[in-house]
S.K.: 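Okay, here's the structure, questions in a sec.
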Protein chains: 2
Amino acid sequence: MADTATPPQKMETPAIYDDLHRKLVTAQFDHGEKLKSEDLRKLYGCSANTIREVLFRLSTAGLVAFEEQRGFRARRTSRERQHDLTQFRILLEQEGACLSMKHGDIEWEARLSAAHHKLSHIESEVRRSGSVEHVLPLWSNAEWEFHDTLISACRSPLLRETYKTIYDQFRQQLVSRASNYGYYAENIEEHRAILEAALARDTVLCRQHIHDHLARNMIS
Amino acid sequence: MADTATPPQKMETPAIYDDLHRKLVTAQFDHGEKLKSEDLRKLYGCSANTIREVLFRLSTAGLVAFEEQRGFRARRTSRERQHDLTQFRILLEQEGACLSMKHGDIEWEARLSAAHHKLSHIESEVRRSGSVEHVLPLWSNAEWEFHDTLISACRSPLLRETYKTIYDQFRQQLVSRASNYGYYAENIEEHRAILEAALARDTVLCRQHIHDHLARNMIS
DNA sequence: TTTACTTGTAATTTCAAAATTTATGGCATT
DNA sequence: AATGCCATAAATTTTGAAATTACAAGTAAA
């Protein structure tokens, strides 16, 4: 069972959802760990049925696996699924970025610049200090902001929504990768390359940089 | 409320899910119609909570909309969402087909030919008789078989799964379009064009034909 | 006539416990 | 030792009712 530092007792359904979501994307459960409704019920001070409802909604987001008559588990991400997730993410981000370049206005460019600025600031700090752990949550949020902003002008709510469910499943592996400093070191140049291609509205180059950046994720 | 020709009483959870799913994709509920758990409870002879669980799982598939404290509704598909769905479907089917052409073997070609043969047989019958209604469920299944087989060799469970949830939301409009005979008349040539391009492993041409075929869906 | 408030009704959500199903451990048999 | 079977324990699923919340109609005030 994960550490129970956060919620002692008595939470509303949305709060329980958010808390479990956060715990799942920050890998506070082992891969494939069983999520017993009785334990969670006691943890959040609610009924077993409420937990059941929350877990169903989390299974929608792909964070929890449900099997009939044998409950819920934190999703185990096999090597094959990791590969599949990456390929699908590349497809969505490439398409979303190209559509954003097509439809995005100066306002979008400004938001993308701002998101990149924050992200690169953190990544510079990582490179200077040589460690990742102390800014991991910050970095994780900034990275999401950048990638989400990149596709935010695509005018397809469906694509964006799908992208988010995929992205959440990547966050899980960030923790286990935190020790691997080399992974984060290369991100600065890759993110800048994506930014510049996007602002230049060079769709071919942008697709290329997105592919290179995301494909490298998979290997580690 | 939709007609209740099928299930008088007493069904298991999976059966209830299947039956409601079928009713939703065959548009036996009006767009935005409220799905009252009490009514459904009496219909299927189970508890309100069981209905609630089924409806949550259907909302995963995008067939049902859930709003906190105000229950479930059959999803209303606006013009904007229809456009979004179509664009997304084009992206997925193009990518899935190209990957299938890359990975598919002779076995895949055989299955695709078989699926097309069945589909074109029905579509010829439609053209001969000049009416659609009497074979609509048959046609709907055959069309799904063809498109699913087309992407079945893509080696991405995620893409295929996502495609299915999108496709189900298209089935809903088939019924309301049944009267529009012209829509179905043009399908024969389009499906054949896709088949031939796929068998020839011509990815550029196949993308083009898929786009033309699916984009025409949106306009009607 | 409109707006705001009150009240009654209906529907959703939560709860605690019963019923069903699956997992576990001991015991006999091969 | 390995396998199959039964009894027990544990966990999931369903139930029916209670509590909460939204909805609608009707009344009073502006």
Side-chain angles (χ1 to χ4, degrees), chain A residues 1-2 4 6-21 23-24 28-76, chain B residues 1-2 4 6-21 23-24 28-76:
Chain A
M1 187 45 184
T4 61
T6 8
Q9 266 158 352
K10 295 294 170 192
M11 300 181 80
E12 309 279 324
T13 302
I16 297 174
Y17 180 91
D18 289 342
D19 192 70
L20 268 179
H21 185 280
K23 283 190 177 171
L24 285 164
Q28 293 189 35
F29 294 100
D30 291 335
H31 287 334
E33 179 176 344
K34 200 154 197 339
L35 303 171
K36 301 182 187 177
S37 40
E38 178 60 17
D39 293 345
L40 296 172
R41 188 194 66 72
K42 279 186 288 191
L43 176 61
Y44 292 113
C46 67
S47 163
N49 231 324
T50 304
I51 292 296
R52 186 177 175 77
E53 181 173 314
V54 169
L55 289 175
F56 262 116
R57 292 167 73 171
L58 284 166
S59 74
T60 297
L63 295 171
V64 161
F66 168 74
E67 254 187 309
E68 203 145 309
Q69 300 290 2
R70 58 192 61 173
F72 300 86
R73 291 177 173 278
R75 202 179 237 302
R76 176 190 304 280
Chain B
M1 184 50 181
T4 62
T6 7
Q9 266 158 352
K10 295 293 171 192
M11 299 181 81
E12 308 280 322
T13 302
I16 297 173
Y17 181 92
D18 290 341
D19 192 70
L20 267 179
H21 186 282
K23 283 190 177 171
L24 285 164
Q28 295 189 34
F29 295 100
D30 291 337
H31 286 335
E33 178 177 344
K34 201 155 197 332
L35 303 171
K36 302 182 186 177
S37 38
E38 178 60 17
D39 293 345
L40 296 172
R41 188 195 65 73
K42 279 185 287 191
L43 178 60
Y44 292 113
C46 67
S47 165
N49 236 327
T50 304
I51 293 295
R52 186 177 175 77
E53 182 172 314
V54 168
L55 289 175
F56 262 117
R57 292 166 74 171
L58 285 166
S59 74
T60 297
L63 294 171
V64 160
F66 168 74
E67 256 187 308
E68 203 143 310
Q69 301 289 4
R70 58 190 66 172
F72 299 87
R73 292 178 174 278
R75 200 179 242 299
R76 175 190 304 280

S.K.: Counting distance alone, no hydrogens or angles: does the base of D/dT12 have a donor or acceptor under 3.5 Å from a partner atom on the side chain of A/N49?
M.R.: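 Donor-acceptor pair under 3.5 Å: no.
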S.K.: In whole angstrom, what separates A/L55's CG from D/dA11's P?
M.R.: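 Rounded to the whole Å, the gap is 15 Å.
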S.K.: Do the charged groups of A/R52 and B/E53 touch, with an N to O distance under 4.0 Å?
M.R.: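 Salt bridge flag = yes for B/E53 with A/R52.
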S.K.: What nitrogen or oxygen pairs link the protein and nucleotides 7-12 of chain C at under 3.5 Å?
M.R.:
from: C/dA11; atom 1: OP1; to: B/K36; atom 2: NZ; distance (Å): 3.1
from: C/dT12; atom 1: OP1; to: B/K34; atom 2: NZ; distance (Å): 2.8
from: C/dT12; atom 1: OP2; to: B/S37; atom 2: N; distance (Å): 3.4
from: C/dT12; atom 1: OP2; to: B/S37; atom 2: OG; distance (Å): 3.0

S.K.: Measure from CZ on B/R41 to C1' on D/dA17 and round the result to the nearest Å.
M.R.: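 After rounding, the reported distance stands at 12 Å.
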S.K.: State, to 0.1 Å, how close B/L55 and B/V64 come at their nearest heavy-atom pair, and which atoms those are.
M.R.: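 Looking at all heavy atoms of both residues, the closest pair is O-CG1, 4.1 Å.
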S.K.: Phosphate oxygens OP1/OP2 of C/dT13: is one of them under 4.0 Å from a side-chain N or O of A/T50?
M.R.: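 So the side chain of A/T50 is outside the cut-off, no N or O lying under 4.0 Å from OP1 or OP2 of C/dT13.
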S.K.: If the condition is salt bridge (Lys or Arg N to Asp or Glu O under 4.0 Å), which residues does B/R76 pass it with, not counting sequence neighbours?
M.R.: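 With sequence neighbours excluded, B/R76 shows a salt bridge (Lys or Arg N to Asp or Glu O under 4.0 Å) to no residue whatsoever.
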S.K.: Atom CD of A/E53 to atom P of D/dT14: distance rounded to whole Å?
M.R.: 14 Å
S.K.: In this structure, how many angstroms lie between the C1' atom of D/dT12 and the CZ atom of A/R73, rounded?
M.R.: 13 Å
S.K.: Rounding to an integer number of Å, can you tell me how far A/E12 CD sits from C/dT13 P?
M.R.: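 A/E12 atom CD is separated from C/dT13 atom P by 13 Å.
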S.K.: Any idea which heavy atoms bring A/P14 and B/E68 closest together, and the distance?
M.R.: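 Result for this residue pair: CG-OE2, 3.3 Å.
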S.K.: Name the orientation class of the two ring planes belonging to A/F56 and A/F66 (parallel below 30°, tilted from 30 to 60°, perpendicular beyond 60°).
M.R.: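 The rings of A/F56 and A/F66 sit tilted, inter-plane angle from 30° to 60°.
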S.K.: Using a cut-off of less than 4.0 Å, is there contact between a side-chain N or O of A/T13 and OP1 or OP2 of C/dT13?
M.R.: no
S.K.: Residues two or more places apart in sequence or in another chain: which of them pass salt bridge (Lys or Arg N to Asp or Glu O under 4.0 Å) with A/E12?
M.R.: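 Partners of A/E12 by the salt bridge (Lys or Arg N to Asp or Glu O under 4.0 Å) criterion come out as none, since no residue qualifies.
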